[in-house]
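A short worksheet on the structure shown next.
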Protein chains: 2
Amino acid sequence: MQAGKDASVETIHREMTAFARRARAAAARMHPRLSLVAYTLLAHMSERRDCRATDLAQAFLLDKSTVSRQIATLERLGLVERRPDPADHRVQVLLPTTAGAAVLAEATRAARRTVCGRLADWDDTDLARFAAYLTRYNDAARQQG
Amino acid sequence: MQAGKDASVETIHREMTAFARRARAAAARMHPRLSLVAYTLLAHMSERRDCRATDLAQAFLLDKSTVSRQIATLERLGLVERRPDPADHRVQVLLPTTAGAAVLAEATRAARRTVCGRLADWDDTDLARFAAYLTRYNDAARQQG
DNA sequence: CCACCCAGATGTAACCTACAAGTATGCAGG
DNA sequence: CCTGCATACTTGTAGGTTACATCTGGGTGG
């Protein structure tokens, strides 16, 4: 890999690491009622129908015990409902409750507002390209991990 | 904000959140000896001369007490040295020790290898643009937060 | 029926983090 | 000089997040 490429990769790594490090605190500010992990779990099970705990663990590189506890908390808060899968009694299908969907929507709105602020002066082409790059990068990461 | 823009912003938010959520575990895999927070702190003080604890707290949205403890741990491990600032005795200038620099370099190498794998089939233009976008986004975030 | 696999829960312990309160240093007025 | 206030950092405390090991209970193939 030659010099120009190398410099770009270095920048990408540095900036993504810096972003990741800020993300937790930033999420706490954007939506105080939902931690970053709770938010992502709720969002994931909202996007995908018939989501199971194992799916969440795999998607976010979390231990199944961690997911189990997070789900338990979300259930205690009335944000998530567990529905036993009739086809396989080991499995629980997870889905946000009405309250859960509302909290999620509210959190997403707050976060979107913040992100929007950062992207306010970007033109459409750059936004579209940035979105595509992120998707492409994450897809590669998912395949890798 | 019109439709195309809106969709891009949504994708950017979603993908960055997903990435952030995976980052901790990914970092643990890439360099098991250095947690994500320890890595970023060490990297930051390595890049910037005369780094102080307050700088780290501000850069990564961490409480000063958290930084204080992290630094204490890194010092106990012999990876960081604290040097009292002669100009202001309240301040401690932080810098990686030789061992710290070595561990950081090793961790960076491991992480860079992983990131490189994800970016292997990107051409130079896309890499350069992606790097620039990330930098631009983070700069906006730093100004905002 | 038995041996094994898989989804999820629990025990345990470590780590990360924030808020509040404390210590010590610098600085500006009186 | 002394007082008051700001700054840099530490410590007490408590809660949240996480992983590894282990357990339970349901499936599956022999």
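Ranked by how close their nearest DNA chain C nucleotide is to the 5' end, T73(B) and Q92(A) are led by Q92(A). Nucleotides of DNA chain D nearest to R69(B) and D55(B) differ in position, and the one nearer the 5' end is that of D55(B). Map R90(B) and K64(A) each onto its nearest nucleotide of DNA chain C; the residue landing nearer the 5' end is K64(A).
Using a 4.0 Å cut-off, some side-chain N or O of T66(B) falls inside it from OP1 or OP2 of dA18(C). Note on R21(A): every side-chain N or O is 4.0 Å or more away from OP1 and OP2 of dC16(C). Not one side-chain nitrogen or oxygen of S68(A) sits closer than 4.0 Å to the OP1 or OP2 atom of dT10(C).
Rounding to the nearest 0.5 Å places CZ of R112(B) at 11.0 Å from CE of M30(B).
Put simply, the side chain of R82(B) does not reach to within 4.5 Å of the side chain of V93(B), judged on heavy atoms.
Atom P of nucleotide dA8(D) and atom CG of D50(B) are separated by 14 Å, given to the nearest angstrom. Taking atom CG of residue L34(A) and atom P of nucleotide dT17(D), one finds them 10 Å apart after rounding to whole Å. With rounding to whole Å, Q70(B) atom CD is found 13 Å from dA18(C) atom C1'. If you take CZ of R82(B) and P of dA8(D), they are 16 Å apart, rounded to a whole angstrom. Rounded to a whole Å, the NE2 atom of H89(A) is 14 Å from the P atom of dG8(C). Atom CD of Q58(A) is separated from atom C1' of dG8(C) by 15 Å (rounded to the nearest Å). Rounded to an integer number of Å, the gap from R29(B) CZ to dC20(D) C1' is 14 Å. Taking atom CZ of residue R52(B) and atom P of nucleotide dC9(D), one finds them 6 Å apart after rounding to whole Å.
Looking at the side chain of S35(A), the nearest of the listed nucleotides dG26(C), dG8(C), dT17(D) is dT17(D). Comparing dA7(C), dT18(D), dC9(D) against the side chain of T54(B) picks out dC9(D) as the nearest.
Proximity of a side-chain donor or acceptor of T97(A) to a complementary backbone N or O of L79(A) within less than 3.5 Å is detected.
Side-chain atoms of R52(B) and Q92(B) include no donor-acceptor pair closer than 3.5 Å.
Counting non-hydrogen atoms under 4.0 angstrom, D63(B) reaches a base of the nucleic acid. Residue L61(A) is in sugar-phosphate contact alone, with no base atom involved, counting any heavy-atom pair closer than 4.0 Å across all strands shown. In this structure, I71(B) reaches neither bases nor backbone, as no heavy-atom distance under 4.0 Å exists between it and the strands shown. Looking at heavy-atom distances under 4.0 Å, V67(B) makes no contact with the nucleic acid at all.
Contact annotation: side chain of S65(B) to base of dC19(C), donor-acceptor pair present below 3.5 Å.
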Please step through side-chain contact (heavy atoms from CB on, under 4.5 Å) for the pair L62(B) and V37(B), ending with a clear verdict.
CA-CA 10 Å; L62(B) 288 167; V37(B) 60; 4.0 Å; yes

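Between Y133(B) and W122(A), the ring centre distance stays below 6.0 Å.
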